[in-house]
> 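I have a structure I would like to understand better, so I am pasting it below and will then ask my questions one at a time.
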Amino acid sequence: MTGPTETPPPARKRRRDPEYHRAAILTAARAAFTEAGYRRATVRDIARRAGVTHGLVLRQFSTKEQLFLAAVPGTRDLAQVAEGDLRTLPDRVARAFVERMENGADQDPFVALVRSAAANEEAATKLYVAMQEHSLAVYRDVLPADADVRVALLAAQLIGVTFNRYIVKTGALADMPGEQLITHLSSVLRHILLD
């Protein structure tokens, strides 16, 4: 409380800077998803960490799934990986996937998807659909035909590798050197994406 001669504290000034808020939300989301996982992280906690309202988070990203996809590596880099010569697309996808997973699988959307499937089928379905829609938006203009089928097969392949190598961490895929995995994965992805 202020006395008769004290001036009241200044009112908290609201900052109207959408890019600043977006960056703060993404930073808070990365921290929350890393600490709590996809299923336990909440939009309210992310908003609190970012110093914004729950409504602003949803206005910026519309859903928790969209926020997750924007915050974590992998899906946000997909457009860059897809750019370039179609003939080398499988090699770029395989290399980007393996390098990303080798350097931070705990924060990857595929790991979050597989882990959430065991604990919460509804959350896993929402995340899978969001990832699929994002991938289709990128690949639809790049792939020769049947983008829906090719993206579904690509997702199945990468989720399988994710489960084997980065979650259960056992067997030939888990023991294989990264460069060897890239070579094998490129070959499989060539059939999925281009044949």
> Once rounded to the nearest 0.5 Å, what's the spacing between atom CD1 of Ile159 and atom CE of Met131?
6.0 Å

> How close do Ala29 and Ala71 get, heavy atom to heavy atom, and via which atoms?
CB-CB, 3.8 Å

> Any side-chain heavy-atom pair from Arg95 and Glu179 closer than 4.5 angstrom?
yes

> In terms of hydrophobic clustering (I, L, V, M, F, W, Y; side-chain heavy atoms under 4.5 Å; direct or indirect links), are Leu153 and Leu194 co-clustered?
yes

> Report yes or no: does Ser187 contribute a side-chain atom to a donor-acceptor pair with the main-chain N or O of Thr183 at less than 3.5 Å?
no

> If hydrophobic clusters are built by linking Ile, Leu, Val, Met, Phe, Trp and Tyr wherever their side-chain heavy atoms come under 4.5 Å apart, do Leu185 and Val168 end up in the same one?
yes

> Report the distance from atom CG of Leu67 to atom CG of Leu26, rounding to the nearest 0.5 Å.
6.5 Å

> As an exercise, state the distance from CD of Gln132 to OG1 of Thr125, rounded to the nearest 0.5 Å.
12.0 Å

> Nearest 0.5 Å, what's the CG-CD1 distance between Leu58 and Ile25?
9.0 Å

> Would you name the heavy atoms of Asp45 and Ala32 that are closest together and state the gap between them?
OD2-CB, 4.0 Å

> Kindly compute the distance separating NE2 (His21) from OG1 (Thr53), expressed to the nearest 0.5 Å.
8.5 Å

> Indicate yes or no for a side-chain donor-acceptor contact from Lys64 to the backbone of Ala41 under 3.5 Å, with no hydrogens or angles considered.
yes

> Using side-chain heavy atoms (C-beta onward) and a distance below 4.5 Å, is Phe97 in contact with Val161?
yes

> To check you understand the geometry: which heavy-atom pair defines the closest contact between Phe61 and Gln66, and what is its length?
O-CB, 3.0 Å

> Report yes if some heavy atom in the side chain of Val151 is under 4.5 Å from a heavy atom in the side chain of Leu143; otherwise report no.
yes

> Got a donor-acceptor contact below 3.5 angstrom from the Ser186 side chain to the Ile182 backbone?
yes

> Would you indicate whether the side-chain heavy atoms of Val93 and Tyr139 approach each other to under 4.5 Å?
yes

> Is any side-chain heavy atom of Ile46 closer than 4.5 Å to one of Val52?
no

> Is it true that Glu102 and Arg165 have a side-chain N and a carboxylate O under 4.0 angstrom from each other?
yes

> Working to the nearest 0.5 angstrom, can you tell me the gap between Leu173 CG and Asn164 CG?
4.5 Å

> Where do Arg150 and Ala145 come nearest, in terms of heavy atoms and distance?
NE-O, 2.6 Å

> Return the set of residues passing side-chain hydrogen bond (donor to acceptor under 3.5 Å, both in side chains) with Gln157 (not counting sequence neighbours), or none when no residue passes.
none

> Hydrophobic clusters here meaning ILVMFWY residues chained together by side-chain heavy-atom distances under 4.5 Å, can you tell me if Val149 and Val129 are in one?
no

> List, one per line, each side-chain donor-acceptor pair under 3.5 Å for residues 81-88, sequence neighbours excluded.
unit_1	atom_1	unit_2	atom_2	d
Asp85	OD1	Arg87	N	3.0
Asp85	OD1	Arg87	NE	3.3
Asp85	OD2	Arg87	NE	3.1
Asp85	OD2	Arg87	NH2	2.7
Thr88	OG1	Asp85	O	3.1
Thr88	OG1	Arg92	NH1	2.5

> So His134 and Glu65, side chain to side chain contact (heavy atoms under 4.5 Å, CB included) or not? Walk me through it.
CA-CA 11 Å; His134 178 75; Glu65 294 78 23; over 6 Å; no

> Using atom types as modelled and distance alone, determine if a side-chain donor or acceptor of Arg49 lies under 3.5 Å from a backbone N or O of Arg44.
no

> After noting the C-alpha distance and the side-chain angles of Leu154 and Ser135, does the key distance pass the side chain to side chain contact (heavy atoms under 4.5 Å, CB included) rule?
CA-CA 10 Å; Leu154 173 64; Ser135 296; over 6 Å; no

